[in-house]
Protein chains: 2
Amino acid sequence: MNKSTLISMAVVRRLPKYYRYLAELLRRDIDRISSKELSEKIGFTASQIRQDLNNFGDFGQQGYGYNVKELHREISKILGLYKEYNTVVVGAGNLGQAIANYSGFSKQGFNLKGIFDKNPKLIGIKINDIEIKDIDMLPEFIDNNSIDIGILCLPRNSAQEVANVLVEKGVKGIWNFAPADIVVPEEIAVENVHLSESLMVLSYRLNETNLLNENK
Amino acid sequence: MNKSTLISMAVVRRLPKYYRYLAELLRRDIDRISSKELSEKIGFTASQIRQDLNNFGDFGQQGYGYNVKELHREISKILGLYKEYNTVVVGAGNLGQAIANYSGFSKQGFNLKGIFDKNPKLIGIKINDIEIKDIDMLPEFIDNNSIDIGILCLPRNSAQEVANVLVEKGVKGIWNFAPADIVVPEEIAVENVHLSESLMVLSYRLNETNLLNENK
DNA sequence: TAGATTGTTAATCGATTAACAATC
DNA sequence: TAGATTGTTAATCGATTAACAATC
């Protein structure tokens, strides 16, 4: 069957959650689950779960449900988690250092190869056994280490400039923590983590009820 | 006018982006903008921009557009950014420390009052001038410091447990960095930042084109 | 076989876009 | 006033939910 229709991002963004819940079921040695049972745990409708999974293939079996181990493996394939990726962190401030230090990502195949900053006070410091290098060395480093993903932990102003370098040097994806919208060719994947935007949404919701009363 | 209909989250999640672009226009001393011009910069349709803003009031003027300064101020009010919030970070690992250190949040009125961890090796260390305290002291601390927001930077297993404490002690919102879905009463605002999920989505998109070819 | 549960089509719901009258 | 641009209604599009025949 040709599945060459593009899957909507709404569906894609639910996949990691399926993956996480299936991992939990695996840990608990549960080896089958129906869309109805999964629905109760995960909070999506059973109908939505079946629709979502059917975008990628026929993973279930009528009258039985889904095999947890198999479905978990399939979703890991869909997400590309069985592969290895080489990454660099650009910007070694607090956030950059935290991301560089986080070992969970390397367990999932995201291997940190380099950390870069322009601040001379940071260059030379070791984070997670990797020495922070001068950002001027970034282009050459990408050439020599087949870097797949650039992780931007930079201030607003320098994000686009570094993104341009990453794209030019052939990086395939950018994980962007900078509070800026970067512009790249459409074949480059960009995933934004805008922390301050998330915090603003939280702030909005904290005041939601009040707002309604104030405006009457 | 009574605006007491609930605004959809799709709209709310766009507000911080409006806020950010308006701040940029302010920095550049631009004092008016039409939905059409803003559309070109921000990438939403002009129609959507007008629809979005109209959920909150009549901020524009026919034939003129929007006053940048005024609109920026209105959105900051809608988002509750003119207020001050007291926060605690729970979990002082790499990510918790990075969040605690980030000064940008305090500039926006989110004031860090305490940092907690259960690891004796971390307790006593100062981050951003605040000493990491034993997590056992969290309930009393919330009572004495009118904490509004709890920031969870914990492993999967302990997130729900700490969330329960926060809710019981009257925190109004939770900014959740733990890779777990926490369950709280509906009047408590929860905003999730699931970094590993974001990375998985990036991974998916890195492989998107390949997937299509493989499945034919 | 009977019961359970999927895969999939059709119906509904919600969000986005288009259109244009109102009005600055 | 004429031109520009909003506010808002109507049309379209896309995503979610419901329903049920297929089938394990």
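FYI, side chains are in, hydrogens and waters are out, and symmetry mates aren't considered; it's all heavy atoms of this structure. Proteins come first, then strands; the chains are lettered A, B, ... in the order of their sequence lines, and each starts at number 1. If you're wondering where the values come from, they're calculated on a predicted model, not measured in any experiment.
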message: Given C:dT6, D:dT8, C:dG7, identify the nucleotide with an atom nearest to the side chain of A:Ser34.
response: C:dT6

message: Under 4.0 Å between a side-chain nitrogen and a carboxylate oxygen: does that hold for A:Lys169 and A:Asp143?
response: yes

statement: Contacts of B:Asn119 meeting side chain to side chain contact (heavy atoms under 4.5 Å, CB included) (sequence neighbours excluded), chain-then-number -> B:Asp117, B:Lys121, B:Leu122

- request: May I have the distance from A:Ile33 (atom CD1) to C:dA4 (atom P), rounded to whole angstrom?
  value: 17 Å

task: Say whether A:Asn111 and A:Glu84, considering side chains only, have a donor N or O and an acceptor N or O under 3.5 Å apart.
output: yes

Distance in angstrom units between A:Leu38 CG and C:dT6 C1', rounded: 14 Å

task: Please work out the stems of DNA chain D from pairs that are Watson-Crick or G-U wobble with both distances under 3.5 Å, keeping only runs of three or more consecutive pairs.
output: C:3-24 with D:3-24

- request: Take the protein atom CG of B:Asp52 and the nucleotide atom C1' of D:dG7, then report the distance between them rounded to whole Å.
  value: 13 Å

query: How close or far is atom P of D:dG7 from atom CD1 of B:Ile49, stated in whole angstroms?
result: 12 Å

message: Without decimals, in angstroms, what is the distance between B:Arg13 CZ and C:dT16 P?
response: 13 Å

- prompt: Under 4.0 Å: is that the gap between some side-chain N or O of A:Ser35 and OP1 or OP2 of C:dT6?
  reply: yes

query: What string of B, S and - do you get for nucleotides 17-24 of chain C 5' to 3' if you count protein non-hydrogen atoms under 4.0 Å?
result: BBBB-BBB

query: Between B:Glu187 and B:Lys172, is the closest basic N to carboxylate O distance under 4.0 Å?
result: no

query: Cut-off 3.5 Å, side chains only: do B:Glu161 and B:Ser158 have a donor facing an acceptor?
result: no

message: Going by ring pair (Phe, Tyr, Trp, His ring centres under 6.0 Å), name the residues that satisfy it together with B:Tyr85, two or more places apart in sequence or in a different chain.
response: B:Phe110

field: Spacing between B:Phe59 atom CZ and D:dT8 atom P, to the nearest angstrom
entry: 12 Å

- request: To the nearest Å, give me how far apart CG (B:Asn55) and P (D:dT6) are.
  value: 16 Å

- request: List in chain and number order the residues that pass ring pair (Phe, Tyr, Trp, His ring centres under 6.0 Å) with A:Tyr102, two or more places apart in sequence or in another chain; answer none if no residue qualifies.
  value: A:Phe105

Considering only distance and modelled atom types, tabulate donor-acceptor pairs under 3.5 Å from the side chains of residues 12-20 of chain A, sequence neighbours left out.
| from | atom 1 | to | atom 2 | distance (Å) |
| --- | --- | --- | --- | --- |
| A:Arg13 | NH1 | A:Glu191 | OE2 | 2.8 |
| A:Arg13 | NH2 | A:Glu191 | OE1 | 3.3 |
| A:Arg13 | NH2 | A:Glu191 | OE2 | 3.4 |
| A:Arg14 | NE | A:Asp52 | OD2 | 2.7 |
| A:Arg14 | NH2 | A:Asp52 | OD1 | 3.0 |
| A:Arg14 | NH2 | A:Asp52 | OD2 | 3.4 |
| A:Tyr18 | OH | A:Asp52 | OD2 | 2.6 |
| A:Arg20 | NE | B:Glu197 | OE2 | 3.1 |
| A:Arg20 | NH1 | B:Asp181 | OD2 | 3.4 |
| A:Arg20 | NH2 | B:Asp181 | OD1 | 3.3 |
| A:Arg20 | NH2 | B:Asp181 | OD2 | 3.3 |
| A:Arg20 | NH2 | B:Glu197 | OE2 | 2.6 |

Whole-Å gap separating C1' (C:dT6) and CG (A:Asn54): 8 Å

Distance-only side-chain donor-acceptor flag, B:Asn128 / B:Asn101, under 3.5 Å: no

query: Under 4.0 Å: is that the gap between some side-chain N or O of A:Tyr66 and OP1 or OP2 of C:dA4?
result: no

